[in-house]
2 protein chains.
Amino acid sequence: MTLNDDVCQMVYVHQDAVEQVRKGMPSKETIRDLSELFKVLGDGSRLRILFALSVHELCVCDLAALLDISPSAASHQLRILRASKIVEYRKEGKNVFYSLNDGHVSNLIREGAEHVCEGREVSYDGNIEPYYG
Amino acid sequence: MTLNDDVCQMVYVHQDAVEQVRKGMPSKETIRDLSELFKVLGDGSRLRILFALSVHELCVCDLAALLDISPSAASHQLRILRASKIVEYRKEGKNVFYSLNDGHVSNLIREGAEHVCEGREVSYDGNIEPYYG
DNA sequence: ATAATATATGAACATATATTCACATATTAA
DNA sequence: TTAATATGTGAATATATGTTCATATATTAT
């Protein structure tokens, strides 16, 4: 298939740029995994869970109470975060304590927060030592 | 409202942790904006548009051809990216050229790509000089 | 054993989202 | 002007997603 075969007639104007871009494009797998990662981060409840866990490990019902959502809702979100390998957990009696898997996602969130908070007071205290399980 | 008032009875065990976490939680506005940012990044078509624009500015129909989507679909996604201030555009005759607004999002994507590509070959050549409009 | 508590799960519902299609707008050329 | 091209937009559809509810499982206490 050639580019712009039946869409744009002016392709020869931008063909060099398009070819340069084509070479730099990530694989389908990278796009798929990356969009899934951002999709997981693109939910307020999950983001708050991750901010919380970046400070201290917490059990499901503490998270539910902290975020003012039902334990069931928290569990559903934690399941998604587990499937994405973003959080890990340990069992202790009746409780299940969740924590961040590593610092990658924490960095992403902090960098994103800096972006959206530009020119605005940031209530998130980035000085707290990140917690990993 | 007190924490865990009718959900968990064992809250006193973890109350210190919960209180510590509460103080570090971002504001509602930060959570809302950040989740929206990640939501915008959580789509394969938009991610590919951003990867492409990080290499070179492109017009709508070049993007459509490159990504094998309709110009209409590309325009819809670009509208979302414009609304999020992630891309900007300049008009030149019948064409509208889009480019990245700044390096923040490019950094986010690169960092995310490194995360998902761990232990896998990365086809995206990060050495290409990023393009900003 | 039964009861109580913490967490997990499946179904159902409501909402959100991406794409397609048809059409509107804008710019240029003839 | 009209015709052609590039882009934008609104409606409609199909799919995806988050939450709630009911229920199941697991662990501890009695």
Side-chain angles (χ1 to χ4, degrees), chain A residues 3-14 18 31-32 35-49 57-84 87-98, chain B residues 3-14 18 31-32 35-49 57-84 87-98:
Chain A
L3 283 173
N4 286 306
D5 49 0
D6 60 354
V7 184
C8 276
Q9 274 70 29
M10 306 295 282
V11 60
Y12 48 84
V13 175
H14 322 126
V18 171
I31 293 291
R32 176 175 37 74
S35 65
E36 273 181 30
L37 171 63
F38 284 132
K39 220 173 286 183
V40 169
L41 298 181
D43 175 80
S45 295
R46 288 193 290 271
L47 268 187
R48 287 156 77 211
I49 288 175
E57 68 168 5
L58 290 170
C59 70
V60 178
C61 98
D62 280 337
L63 280 167
L66 177 70
L67 308 184
D68 202 26
I69 60 180
S70 69
S72 173
S75 184
H76 275 291
Q77 303 297 1
L78 287 165
R79 189 170 124 91
I80 293 171
L81 293 170
R82 259 186 290 146
S84 305
V87 302
E88 59 187 4
Y89 62 96
R90 69 179 177 85
K91 294 187 171 186
E92 184 179 305
K94 280 181 280 195
N95 291 315
V96 178
F97 288 91
Y98 283 85
Chain B
L3 283 173
N4 286 305
D5 48 1
D6 60 355
V7 183
C8 278
Q9 276 69 28
M10 305 295 283
V11 60
Y12 49 85
V13 176
H14 321 124
V18 170
I31 293 292
R32 174 175 38 73
S35 65
E36 271 180 32
L37 171 63
F38 284 133
K39 219 172 288 182
V40 169
L41 298 180
D43 175 79
S45 295
R46 288 193 291 268
L47 268 187
R48 287 156 77 211
I49 288 174
E57 67 168 4
L58 290 169
C59 70
V60 179
C61 97
D62 282 335
L63 280 168
L66 177 71
L67 308 184
D68 201 27
I69 60 179
S70 69
S72 175
S75 185
H76 275 293
Q77 302 298 1
L78 288 165
R79 189 169 122 92
I80 294 171
L81 292 170
R82 258 186 290 142
S84 306
V87 302
E88 58 187 4
Y89 63 96
R90 70 180 176 84
K91 294 187 172 187
E92 184 179 306
K94 279 182 280 194
N95 292 315
V96 179
F97 288 91
Y98 283 86

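Per chain, numbering begins at 1; letters A, B, ... match sequence-line order.
By the criterion of a centre-to-centre distance under 5.5 Å and near-parallel planes under 30°, the ring of A/H76 forms a stack with the base of C/dT9.
With hydrogens and angles left out, the side chain of B/S72 and the base of D/dT7 share no donor-acceptor pair within 3.5 Å.
For B/S45, a side-chain nitrogen or oxygen approaches OP1 or OP2 of C/dT19 to under 4.0 Å. B/R79 has no side-chain polar atom (N or O) that falls below the 4.0 Å cut-off from OP1 or OP2 of D/dT7. Remark: B/N95 is in phosphate contact with D/dT7, judged by side-chain N or O atoms under 4.0 Å from OP1 or OP2. The shortest distance between the side-chain N/O atoms of A/S75 and the OP1/OP2 oxygens of C/dT7 is not below 4.0 Å. Between B/S70 and C/dT20 there is a side-chain N or O to OP1 or OP2 distance below 4.0 Å. OP1 and OP2 of D/dT17 both lie 4.0 Å or more from every side-chain N or O belonging to A/Q77.
Residue contacts shown for B/Y98 are limited to sugar-phosphate atoms, with no base heavy atom under 4.0 Å away.
Taking atom CG on A/L58 and atom P on C/dA6, their separation rounds to 15 Å, with Å as the unit. Rounding to whole angstrom units, CG of residue A/D62 and C1' of C/dT5 are separated by 14 Å. Across the protein-nucleic acid pair, B/K39 atom NZ and C/dT17 atom P stand 6 Å apart, rounded to whole Å. Regarding B/L47, its CG atom lies at a distance of 14 Å from the C1' atom of C/dA18, rounded to whole Å. Note: CD1 (A/I69) to P (C/dA8) measures 12 Å, nearest angstrom. Regarding A/Y89, its OH atom lies at a distance of 11 Å from the P atom of D/dT27, rounded to whole Å. Distance A/E57 CD to C/dT7 P: 12 Å, rounded to the nearest Å. Look at CZ on A/R90: it is 15 Å from P on D/dT27, rounded to the nearest Å.
Between A/G93 and B/L78, the residue anchored closer to the 5' end of DNA chain D is B/L78, taking for each the nucleotide with the nearest heavy atom. Between A/K91 and B/A73, the residue anchored closer to the 5' end of DNA chain D is B/A73, taking for each the nucleotide with the nearest heavy atom.
Listed for the B/S35 side chain is a donor-acceptor partner under 3.5 Å among the backbone atoms of B/R32. Remark: the backbone N or O of B/S45 is paired with a side-chain donor or acceptor of B/D43 at under 3.5 angstrom. Of the possible polar contacts, none joining the B/S75 side chain to the B/P71 backbone as a donor-acceptor pair under 3.5 Å is found.
Between the side chains of B/R82 and B/Y98, at least one donor-acceptor pair of N or O atoms lies under 3.5 Å.
Considering only the side chain of B/D43, C/dA18 comes nearest among D/dG18, C/dA18, C/dT5. Among the nucleotides D/dT7, C/dT20, D/dA6, the one closest to any side-chain atom of B/K94 is D/dA6. In this structure, of C/dA8, D/dG18, C/dT5, it is C/dA8 that holds the atom nearest to the side chain of A/V96. Considering only the side chain of B/P71, D/dT7 comes nearest among C/dA8, D/dT7, D/dG18.
A salt bridge links A/E92 with A/R90: the distance from a Lys NZ or Arg NE/NH1/NH2 to an Asp or Glu carboxylate oxygen falls below 4.0 Å.
B/R79 CZ: 12 or fewer foreign heavy atoms inside a 6.0 Å radius.
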